[in-house]
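Here is the structure we will look at.
All figures in this text were calculated on a predicted structure; none of them were measured in a lab.
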Amino acid sequence: MSEPPALRSPKGYLSKALTFATRPLDMANPCLQGRKRRCGRPTTDVTEDLDQYLLEIAAGLFVQHGYAGTSIDQIARKACASKQTIYRRYSSKEALFIAVVTNLTGSVLRAMEETPLTNPLEELRHISRLMLDLTLRPDALGTYRILIADGHRHPSLQQQAVAAIGQPFHNNFVRLLKAAEQKGQINPGHATDTTARLLTGMVTGWPMEDSLFGLDPLKTEEERDAFFSEAWSFFLNAVGGRQVALAPQQVPG
């Protein structure tokens with residue numbers, strides 16, 4: 001059985017989405033050139049990939065035209081699908097947008113939730129580094145821009161985005177901090193919401209801000225590694241972070 005679309009790796013997601021979305025619409029024959037399936041109801045062999053395909057098309061159009069400038073009709077035509085096909089899956093454009101955003105972050109959130117907590121401080125470092133990479137991806141930046149530009153006109157959009165993305169990230173940071181505190185890897189009193197927010201802001205705040213202004217910071221992997229290493233060292237000093245001898249993991253007999 002193939003992996004559900006929301007759990008697939010998001011690597012390369014935007015480039016595929018934009019490839020589809022930037023092709024001109026042929027109103028007389030709206031099916032995408034090069035697609036082997038016909039318009040209308042998908043055949044059995046493509047049904048499994050239809051959800052992911054719709055999300056890729058929608059992601060590219062949302063990034064290209066913004067939330068307000070993208071319609072379900074436009075997405076349907078670009079995807080060579082009926083509006084009913086989309087509405088059977090998503091009750092509204094807002095629900096589709098939230099599904100797009102959730103799909104982009106799904107693999108990272110799943111990695112967080114499946115963290116085994118054998119060495120929570122090291123796992124927190126790894127997840128924080130992943131979050132820096134995610135923040136600087138073009139698709140993530142496109143999503144931030146949409147929420148900034150259109151969020152004030154659609155308050156529920158922002159609320160749902162926070163509930164679907166921001167809160168799960170935050171909750172997992174707090175979970176790892178609490179596990180690190182319990183194992184004596186950080187000083188007592190630092191496994192808090194405030195500490196999680198300070199760590200997130202320190203790792204992603206400046207890079208995100210400059211990227212949103214089009215300044216393209218941390219262009220290379222080496223630059224990201226150096227920046228993250230300094231931020232992480234600062235964090236460890238603040239919370240009294242230290243590696244301690246952990247008990248060997250029990251292997252079931």
Check your understanding: Any donor and acceptor pair, going by atom type alone, linking the side chain of T102 with main-chain N or O of I98 inside 3.5 Å?
Key -> yes
Review point. Got a donor-acceptor contact below 3.5 angstrom from the N103 side chain to the A99 backbone?
Key: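 No, N103 side chain to A99 backbone: no donor-acceptor pair under 3.5 Å.
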Same hydrophobic cluster for [X] and [Y], using side-chain heavy-atom links shorter than 4.5 Å among ILVMFWY?
X	Y	result
L130	F228	yes
I127	L121	yes
L134	F97	yes
L212	W206	no
M131	Y144	no

Search all heavy atoms of [X] against all heavy atoms of [Y] and return the closest pair with its distance.
X	Y	value
V239	T195	CG1-CG2, 4.1 Å
H65	T70	CB-OG1, 3.6 Å
P120	K183	CD-CD, 3.4 Å
I72	K93	CD1-CA, 3.9 Å
F173	S128	CE2-OG, 3.5 Å
D210	P217	CB-CG, 3.7 Å

Side chain proximity check, [X] to [Y], heavy atoms < 4.5 angstrom:
X	Y	answer
L96	I75	yes
V63	T143	no
N171	R175	no
P207	T135	no
T200	H170	no
L61	Q74	yes

Point to revise | Whether F235 and W232 hold their rings parallel, tilted or perpendicular, with breakpoints at 30° and 60° | key: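 Answer is tilted, since the angle falls between 30° and 60°.
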Check your understanding: What is the ring orientation for F62 with Y67, classed by angle as parallel under 30°, tilted 30 to 60°, or perpendicular over 60°?
Key -> parallel
Return the [atom1] to [atom2] distance between [X] and [Y], rounded to the nearest 0.5 Å.
X	Y	atom1	atom2	answer
R77	I57	CZ	CD1	14.5 Å
F213	M208	CZ	CE	12.5 Å
T204	L199	OG1	CG	8.5 Å
D51	R89	CG	CZ	4.5 Å
L141	S211	CG	OG	5.0 Å
E94	D150	CD	CG	11.5 Å

Check your understanding: Passes side-chain contact (heavy atoms from CB on, under 4.5 Å), L215 versus E209? Steps please.
Key -> CA-CA 9 Å; L215 300 180; E209 181 180 282; over 6 Å; no
Practice item. State plainly whether the residues R129 and D133 are in salt-bridge range, i.e. N to O under 4.0 Å. Key: yes
Review point. When you check the gap from the basic side-chain N to the acidic O, do E181 and K178 get nearer than 4.0 Å?
Key: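 Salt bridge flag = no for K178 with E181.
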Exercise for review: Verify the distance criterion only: is there a donor paired with an acceptor across the side chains of E123 and T118 at less than 3.5 Å?
Suggested key: yes
Point to revise | Flag for R125-N119: side-chain donor and acceptor within less than 3.5 Å | key: no
Check your understanding: What residues, two or more places apart in sequence or in another chain, satisfy ring pair (Phe, Tyr, Trp, His ring centres under 6.0 Å) together with Y90?
Key ->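 Listed in chain order: nothing, the list is empty.
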Review point. Given the rule in the side-chain contact (heavy atoms from CB on, under 4.5 Å) test, do R242 and N187 qualify, once you have shown the distances and angles that lead to the verdict?
Key: CA-CA 9 Å; R242 56 197 173 275; N187 290 338; 3.0 Å; yes
Review point. How about H154: does its NE2 atom have over 12 heavy atoms from other parts shown lying under 6.0 Å from it?
Key: yes
Review point. Got a sec: does the CD of E223 have more than 12 other heavy atoms crowding it under 6.0 Å?
Key: yes
